[in-house]
Number of protein chains: 2
Amino acid sequence: MPAIKIEPSYSIGEFADLVHLSAPTIRYYESQGLLKARRTTNGRRYFTTADIKWVKFLLHLKGTGMSISDLKQYVTWRAMGDGTIPNRLALLEKTQADFTKKYREVQHHLEILTDKINWYRQKEAGKTAGREPFADYLEKLGHEE
Amino acid sequence: MPAIKIEPSYSIGEFADLVHLSAPTIRYYESQGLLKARRTTNGRRYFTTADIKWVKFLLHLKGTGMSISDLKQYVTWRAMGDGTIPNRLALLEKTQADFTKKYREVQHHLEILTDKINWYRQKEAGKTAGREPFADYLEKLGHEE
DNA sequence: GATTGACTTAAAGTCCACTTTAAGTTGTAA
DNA sequence: TTACAACTTAAAGTGGACTTTAAGTCAATC
């Protein structure tokens, strides 16, 4: 029995598959300072389960609209220790506020799209006698603009 | 009293302001076939209230993720008459399906972001003794990954 | 021991949706 | 009538986030 548990390690190709990114994208992220890869003696990158968790979290942040440079700022602060928690918190709160605003906007776009789809369906079914303009239809639904 | 109501008409600059786009963007959209501008005798574009409605609708579609070329396809079918309603309906339904999927994904990203913000707040308040890893915190909330 | 596939780097290329530039024309106000 | 803002065109430039290319190294299999 080994006294210590051996952490699995992954080549860049394996790692890329695990986080559903391409190997060049991983290298690009590393070049941007979003992650750090360890190296084998002959210079090849390898990654651990902790890296997988980190990248997955990064992708969540990215998914809420943070740019690479926002993420880089976050990472920089993170590396500086707990003293920068207020900075990180402020950055995430701003991201959250911006994203929530956009989220409400696209929700409205989706409502209009859905209205239009239903309007076409009614039109196809001959229920509007093919005549009611979409604007009138929207107004009837209370979805102006 | 005039016998007919005169439709207001807008120069490209006025029109751009009304729909919150730039004049070059309006020209670009026209060049892509997304809208048609009428011209004065000396070649200047002018627009009407119908154009405003159309652009606003276009922007809703765009807001749900339709690309310029998707929109162009839609416009082309629209110009061909009611025979293409099934085509347009299918395009909008696909847009809706794709968008709904993305919408759910970003919703999840937002949840993780919110969890992280709350985790930082607790950490700042000294409530986790500065020790509970974020992964554990997530797990407690049932928000894995 | 030769081939194959995965890795290494730096740099150039791609895509989309605009935006900016350049060079010129036109309409209105002082 | 001269200034100036707003318009016209075609073409080139921008930004972000990768992706692709080129040229080479390394490890494992036949």
Set of side chain to side chain contact (heavy atoms under 4.5 Å, CB included) partners for A/Asp17, sequence neighbours left out: none
Partners passing side chain to side chain contact (heavy atoms under 4.5 Å, CB included) against B/Gln73 (at least two apart in sequence or in another chain): B/Thr76, B/Trp77, B/Leu91
Contacts of A/Ser11 that satisfy side chain to side chain contact (heavy atoms under 4.5 Å, CB included) - sequence neighbours left out: A/Glu14
Contacting residues from residues 37-57 of chain B, given that a heavy atom lies under 4.0 angstrom of DNA chain C: B/Asn42, B/Arg44
Ring-face cation contact, B/Phe57 with B/Lys53, 6.0 Å cut, 45° max: no
Qualifying residues under salt bridge (Lys or Arg N to Asp or Glu O under 4.0 Å), relative to B/Lys56, sequence neighbours excluded: A/Glu145
B/Asp51 vs B/Tyr10 side-chain heavy atoms within contact, under 4.5 Å: no
Span of DNA chain C, from the first to the last nucleotide whose atoms fall under 4.0 Å of chain B heavy atoms: C/dA17 to C/dG27
Near-strand residues of residues 92-106 of chain B, defined as heavy-atom separation under 4.0 angstrom from DNA chain C: none
Contacts of A/Ser31 that satisfy side chain to side chain donor-acceptor pair (under 3.5 Å) - sequence neighbours left out: none
Residues forming a salt bridge (Lys or Arg N to Asp or Glu O under 4.0 Å) with A/Asp136, sequence neighbours excluded: none
Electrostatic pair A/Arg121-B/Glu93, nearest N-O below 4.0 angstrom: yes
Spacing of B/Arg78 atom CZ and B/Ile85 atom CD1 [to the nearest 0.5 Å]: 11.0 Å
Candidate list B/Leu35, B/Ile52, B/Val19, B/Leu18, test side chain to side chain contact (heavy atoms under 4.5 Å, CB included), partner B/Phe47, passing option: B/Leu35
Which atom of B/Leu110 lies closest to which atom of A/Thr64, heavy atoms considered: N-CG2, 3.8 Å
Ring-ring centroid check A/Tyr46 A/Phe15, cutoff 6.0 Å: no
Residues forming a salt bridge (Lys or Arg N to Asp or Glu O under 4.0 Å) with A/Lys94, sequence neighbours excluded: A/Asp98
Contact residues, residues 66-73 of chain A to DNA chain D [heavy atom, < 4.0 Å]: A/Ser67, A/Ile68
side-chain contact (heavy atoms from CB on, under 4.5 Å) evaluation trace for B/His109 with A/Lys62: CA-CA 8 Å; B/His109 295 318; A/Lys62 212 170 151 307; over 6 Å; no
For DNA chain C, the residues among residues 10-33 of chain B that have a non-hydrogen atom under 4.0 Å from it: B/Ser22, B/Pro24, B/Thr25, B/Tyr28, B/Tyr29
